[in-house]
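Presented below is the structure to which this report refers.
Quick note: numbers below take in every heavy atom, side chains included, and nothing from hydrogens, waters or symmetry partners. Chain letters run A, B, ... following the sequence lines, proteins first and then strands; every chain starts at 1. These numbers come from a predicted model, not from an experiment.
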There are 2 protein chains.
Amino acid sequence: MAKRTDMPTRTPPAGRRTTIRAAAAKTPKAASAKLAAERPAANRAEKSAERRAAIVAAAMDEFIARGFAATRLDDVAKRAGVAKGTLYLHFKDKESMFEELIRTAVVPLIDRMAAPPQITGPVRDAVERFAETFIHEIAETRRGDIIRLIVAEGPRFPAIADFYFREVVSRGMAAMRALIQLAITRGEIRQRELAQFPQLIVAPAIVAVIWQSLFARHAPLDALAMFRVHLDLIFGERRTA
Amino acid sequence: MAKRTDMPTRTPPAGRRTTIRAAAAKTPKAASAKLAAERPAANRAEKSAERRAAIVAAAMDEFIARGFAATRLDDVAKRAGVAKGTLYLHFKDKESMFEELIRTAVVPLIDRMAAPPQITGPVRDAVERFAETFIHEIAETRRGDIIRLIVAEGPRFPAIADFYFREVVSRGMAAMRALIQLAITRGEIRQRELAQFPQLIVAPAIVAVIWQSLFARHAPLDALAMFRVHLDLIFGERRTA
DNA sequence: TGACAATGACTGACTAGTCAGTCATTAATG
DNA sequence: CATTAATGACTGACTAGTCAGTCATTGTCA
């Protein structure tokens with residue numbers, strides 16, 4: 001396989017940067033203003049957390065771009081601006097790194113979904129707000145790539161597929177089903193069978209995510225407009241917004 | 001250690017060393033012997049075609065199960081019952097093998113889709129027949145895994161994503177759009193905007209494919225029933241035929 | 001406060017494999 | 001027997017994971 005060809009903005013050779021001798025007004029407690037010239041105050045714990053964050057970000061980029069098997073930890077380290085050994089101070093091995101990464105990345109999804117749906121008006125409005133959030137913050141951002149990554153690697157990482165199903169899919173399905181049922185009792189939705197297949201509500205969003213990854217360059221997709229038409233199908237057409 | 005981070009249980013080395021002349025002579029264990037024995041009247045061209053088919057089938061299994069990067073050609077050869085060198089008599093390298101494989105596998109999709117939609121009754125019936133075919137022959141078979149494979153590897157194989165978009169997606173979209181427009185003029189579909197997003201028609205089918213790969217074990221999905229509800233949303237409810 | 005010691009985060013050369021692709025040798029075919 | 005097909009041992013490039021050593025930071029003491 002070809003080696004890296006991109007690798008934008010080569011990060012400097014890590015935090016060697018000794019002898020900076022910044023004219024920092026030394027605080028009484030921390031005489032550690034040497035390396036901390038760049039950032040205000042960074043003690044050991046903070047720096048470690050920063051490094052970990054850098055590793056996580058770098059690993060995310062690489063895994064998304066190449067998938068699990070084709071990602072080289074040397075590249076992750078280089079992109080994070082650390083030595084390879086440092087990776088192993090934060091993660092047991094490549095596989096744990098990958099799984100932990102996915103888990104971390106999925107948490108925002110869960111939080112977003114766990115927010116109470118705010119049903120102060122028509123159910124359709126709640127669903128539409130939900131869809132706007134999803135499309136704006138997931139389908140059109142890097143989080144969408146994570147969903148694609150789960151689809152791609154799920155079969156080889158059952159632990160990840162299980163986790164995702166348990167934490168996101170089944171919960172989201174339950175929430176959707178409740179919403180559908182509410183809408184049915186209110187007379188907003190006529191198809192009672194829809195409650196059996198909450199997947200139908202979110203299917204266009206999933207397709208939008210995939211489309212953006214694979215075909216955006218061929219034919220850009222206005223995911224939100226598409227979803228609004230989809231809602232018209234479910235709730236019946238309506239004019240005002 | 002090294003890169004033995006793969007999950008699949010490594011197949012044991014099996015019978016090693018020594019050119020086993022005797023074995024090939026008596027039992028149909030050896031692949032070459034088997035082929036020759038089963039098809040007595042196989043000439044060179046036929047045998048070559050058979051071998052190629054065996055390689056294609058084996059490679060498909062491996063690529064689907066492991067993805068491109070994690071698939072070992074040694075395993076493909078073993079599964080196909082040929083030596084590794086034989087692979088290179090049929091394919092230039094691993095990458096060509098993968099791309100050619102996808103292309104080969106996608107042809108049936110195209111053929112299926114290219115079949116004239118047979119609009120002798122309501123448009124809904126045509127779409128429903130189409131969906132039945134799709135779900136029965138793709139979502140519930142190995143071809144569905146190929147779609148997942150394209151989703152998984154597409155970003156790293158633009159040639160494949162391009163090919164798939166050109167040969168399947170854009171054609172399918174055009175066909176769907178024509179169908180929608182016909183249904184609109186006939187009054188079967190009310191939402192005129194649907195013609196702008198033919199993706200909405202097939203979205204549940206795509207989701208079904210992904211669901212089968214990832215979550216079937218957690219919660220089996222009756223894809224056909226789901227699609228019928230979906231069609232009710234689009235065409236309006238109707239009692240079963 | 002300044003000097004020295006202890007700590008442990010970080011490094012990167014190195015080990016122990018792995019695997020795509022090659023090619024000399026052997027088998028099959030016509 | 002002359003070709004062509006097939007084989008599988010071999011090579012070399014590549015990479016996950018390790019670990020002995022470095023040095024910035026922190027703690028201690030006068």
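Taking the six-membered ring where the residue is Trp, A/Phe215 and B/Tyr164 present parallel rings, their angle staying beneath 30° rather than reaching 60°.
Minimum atom distance to the side chain of A/Leu89 is reached by C/dC10, of the listed C/dC10, D/dG17, D/dA6. For A/Asp93, the listed nucleotide lying nearest its side chain is D/dG17; candidates were D/dG17, D/dA16, D/dG8. Of the candidates C/dC10, C/dG21, C/dC19, C/dC10 carries the atom nearest the A/Thr86 side chain, counting heavy atoms from C-beta on.
For the pair A/Arg52 and A/Phe91, the distance from NZ or CZ to the six-membered ring centre is under 6.0 Å and the angle to the ring normal is within 45 degrees. Cation-pi geometry between B/Arg156 and B/Phe68 is not met: the NZ or CZ atom fails to fall both under 6.0 Å from the ring centre and inside 45° of the normal.
Residue A/Ile146 comes nearest to A/Ala105 through the heavy atom pair CD1-CB, 3.3 Å, listed as atom of the first residue, atom of the second, then distance.
To the nearest angstrom, P of C/dA20 lies 15 Å from NZ of B/Lys92. Distance NE2 (B/His90) to C1' (D/dT4): 12 Å, rounded to an integer number of Å. Per the geometry, CZ belonging to B/Arg72 stands 15 Å off P belonging to C/dG21, to the nearest Å.
Contact annotation for B/Lys94: backbone-only contact, meaning every heavy-atom pair under 4.0 Å involves sugar-phosphate atoms and none involves a base. Within 4.0 Å (heavy atoms only), A/Leu73 reaches sugar-phosphate atoms of the nucleic acid but no base atom.
Comparing A/Lys84 and B/Asp74, the nucleotide of DNA chain D nearest to each residue sits closer to the 5' end for B/Asp74.
Contact annotation: A/Arg51 side-chain N/O to C/dC10 OP1/OP2 distance is under 4.0 Å.
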